[in-house]
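Everything on this sheet refers to the single structure shown next.
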Amino acid sequence: MQRSTRVLLVVSVLLCAAAAGFYSSRALSPERVRTYVEDLLAKVTRAPVEIATLRLVWGFPIRLEGTGVRLYQGALTVESASARIDALALLLGRPGLSLLRLDGAHLRMDRSPQGEWQPPIFGASSPPGTEQLTVTPLGAIEQVARALLSRPLLADTLIVRRSRVEVTQPSPAGDAQPFRLEFGGVNGRLMHSRLFGEARLYLAVRVESGERDLGRIEWEGSRDPHGTLHATMAATGLDLSTFSPYLRGVRPTARLSGTLDGVAEFQTSTPGVEQLDLDLAVRNVEASLGASAEPEEPLRIPELTLRMGVERDPERVVLSGARIGVGDLDFAADAEIARPLGERAKTRLRLSLEELVLARDALRKLAEWVPESGRDRMLWLAERVRSGRLEHVELRGTAPLEQWRQVVSGDAERLPAGFELALGFDDVDIDVDEASRLGDLHAQVHYADDTLTVSDAGGELNGAPLPDLALSFTG
């Protein structure tokens, strides 16, 4: 049989099916159609459905137009809706919608302390507080992406315009006041192809708090025929105070503010195993971890950049290839954190800094991360260094997450057991006092197991060469 004949046969069958569905539907009264659609949606959502007005629009394809739609006992309301009936599915006794357009939808979602969502659009999730910081948002991304891209939501193609979503969940910090997120200006399209087994999603939202605009988020996602989920999220002008409740899950008095722009690439093929690549820029950061009961001066950073990969599986969270830019400082980091996350989670971390031109401002910034026992000497050095180059500095070790927080924030009195610190510097000039000056200093320094080793050390004192040094201190 020729290809054109086969195509003509398929088209004829589809036209006949559409015509049969068209003429059978003409016999339905508006009231009967409304009751039928309400019952159909109630079976899909497993909750009562109310539609104020509904009418059939004759044509090809047949359409439904309604107003005043209430689903999930009023948790989802829609000002107006328009749908296309799948004529072939109707003929086969499996009525369904090929397209559904919602205008002015308003969805209110609540998450219980047991981790259940109402209405149950996205299914169950892990209880709040079992994972913290990056893992909680990462798990939420997977949950929402899988729910939207794994199966059609009410129709093969769902279009949402001029809509709003409100999310309420228990505070990650355990406060009595719940944590609320509001998304306005929601516009999106979700398309499922039954023939090819693929799905695509586009969503644009505005993050709000009352009358405040907290930034914008765009989300593009897809699912391939093998079930692998991909998502790209772009944030513009996102207020970081939105994420303060997650920090307070670790430190009740923690605070975070600033503005974030950036892109996140997400991928998962197996539930619970995800990969996330981040490229972010944050401006006007103010952060306070609330490590002590006394009021503390927040850490202020005019601009911070972050690039890194995050991998999560049931056993661990891995941070790889991280590059953190803080003004003139450019850090590299890798980490592996055991799950579940918490203060006692075993953490292996390597933090390094390379090729830094030594200046007073840069050394003062470095002093903020130096353990308390050496901070005064670092500040003393910062006031006297005239010039120089830090070739490298690297800190690495394995310890509970809380100990790492103390080290990185500068709260530790000394490095924990098993930690290693290595650094090298060159061409350093220091004013010791008004009459003495050290110049052309260079050395390699290594600290481990309570032993400090200095090698390849040398320089000049007031222009006279100093002897080369190699020595070791213990205790």
To the nearest 0.5 angstrom, please state how far the [atom1] atom of [X] sits from the [atom2] atom of [Y].
X	Y	atom1	atom2	value
Thr228	Leu149	OG1	CG	11.5 Å
His230	Leu201	NE2	CG	13.5 Å
Leu351	Asp334	CG	CG	10.0 Å
Leu461	Arg437	CG	CZ	11.5 Å
Leu260	Asn284	CG	CG	12.5 Å
Leu99	Asp156	CG	CG	9.0 Å

Do [X] and [Y] have side-chain heavy atoms sitting under 4.5 Å apart?
X	Y	result
Val310	Val317	yes
Leu158	Val160	yes
Leu240	Val282	yes
Arg339	Lys346	no
Val49	Arg70	no
Leu203	Val186	yes
Ser163	Arg161	no
Ile159	Leu100	no

I'd like to know if the side chain of [X] reaches the main chain of [Y], judged simply by a donor and an acceptor atom lying under 3.5 Å from each other, with no hydrogens or angles considered.
X	Y	answer
Asp213	Glu208	no
His442	Gly424	no
Thr268	Val273	yes
Arg223	Gly197	yes
His106	Thr77	no

[X]/[Y] ion pair, N-O < 4.0 Å:
X	Y	answer
Arg283	Asp261	yes
Asp433	Arg384	no
Arg164	Glu182	yes

Does [atom1] belonging to [X] count more than 12 external heavy atoms closer than 6.0 Å?
X	atom1	answer
Asp449	CG	no
Arg307	CZ	no
Arg189	CZ	no

What closest approach, in Å, do [X] and [Y] show between heavy atoms, and which atom pair accounts for it?
X	Y	result
Asp429	Asp440	OD1-N, 3.0 Å
Val428	Ile430	CG1-CG1, 3.7 Å
Thr232	Glu265	OG1-OE1, 2.8 Å
Ser222	Arg200	CB-NH1, 4.0 Å
Arg212	Ser241	NH2-OG, 4.5 Å
Ala105	Leu76	CB-CD1, 4.3 Å

Residues two or more places apart in sequence or in another chain: which of them pass salt bridge (charged side-chain N to carboxylate O under 4.0 Å, His left out) with [X]?
X	result
Arg396	Glu394, Glu420
Arg348	Glu336
Glu355	Arg389

Working for side-chain contact (heavy atoms from CB on, under 4.5 Å), residues Thr398 and Thr347
CA-CA 5 Å; Thr398 301; Thr347 304; over 6 Å; no
Test salt bridge (charged side-chain N to carboxylate O under 4.0 Å, His left out) on Glu218 and Arg216; report intermediate values, then the result.
CA-CA 7 Å; Glu218 293 187 13; Arg216 287 165 171 76; over 6 Å; no
